[in-house]
Structures are given as structure tokens and as C-alpha cells.
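The shown structure was predicted, so the numbers you read here are calculated from the model rather than taken from an experiment. Along the sequence shown, the residues carry numbers beginning at 1.
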Amino acid sequence: MTPDELPVSVQFLQLITAKWVVKPMYVAAKLKLADHIKSGVTDVVSLAEKTGTKADMLYRLLRAQIMA
């Protein structure tokens, strides 16, 4: 099903909630998480240390990315 085939109400809901998907992606890119993971850093605590973030908040960000 293409986006144009969705009911207007669903299309509208997708527009409203788009930032829930885009914002975590932006933050992950800004923190260069993919680069750190590629270099071998895979646990949340180490990633938090590398990025200067709090481990619990970074965990939530990563969970948001998985759920998207």
C-alpha cells in the first residue's frame, strides 16, 4: 500500500507523529552513534561515555530507534 492509498486520517496522523521518528534519528546522527558502534563500542554505558551522554537517556534513544 502506498502512502496515497492510506485513509486521510492515517496520513494526517503520520504527519503529526513524524517527529517521533525523525528526532531520535537526528540525535543519533548528531552523536555519531553509528561511527562508535562501527568502531566496536556496543554497550550503552560505553557509548554514553564516548558521546558524553547519560546511559539511561541513551538507552531510551536506542530503544526509540528500534521501535520506529
Quick one, R63 and R60 - any side-chain contact, counting heavy atoms below 4.5 Å? no

Here the gap from L13 atom CG to Q11 atom CD, rounded to the nearest 0.5 Å, amounts to 11.0 Å

Interatomic distance, CE@M25 vs NZ@K23, rounded to 0.5 Å, equals 13.0 Å

Paired with L33, the side chain to side chain contact (heavy atoms under 4.5 Å, CB included) test is passed by just one of L62, V27, V41, namely L62

Here the side chain to side chain donor-acceptor pair (under 3.5 Å) pairs for residues 40-55, sequence neighbours left out, are D43-S46, T51-T53

Practice task
Decide whether I37 and Y26 are clustered together by the hydrophobic rule: side chain heavy atoms of Ile, Leu, Val, Met, Phe, Trp, Tyr closer than 4.5 Å, transitively.
Solution key: yes

Taking the side chain as everything from C-beta on, heavy atoms only, tell me whether L31 gets closer than 4.5 Å to L61. yes

Side chain to side chain contact (heavy atoms under 4.5 Å, CB included) assessment of D56 paired with V44 | CA-CA 8 Å; D56 58 334; V44 174; over 6 Å; no

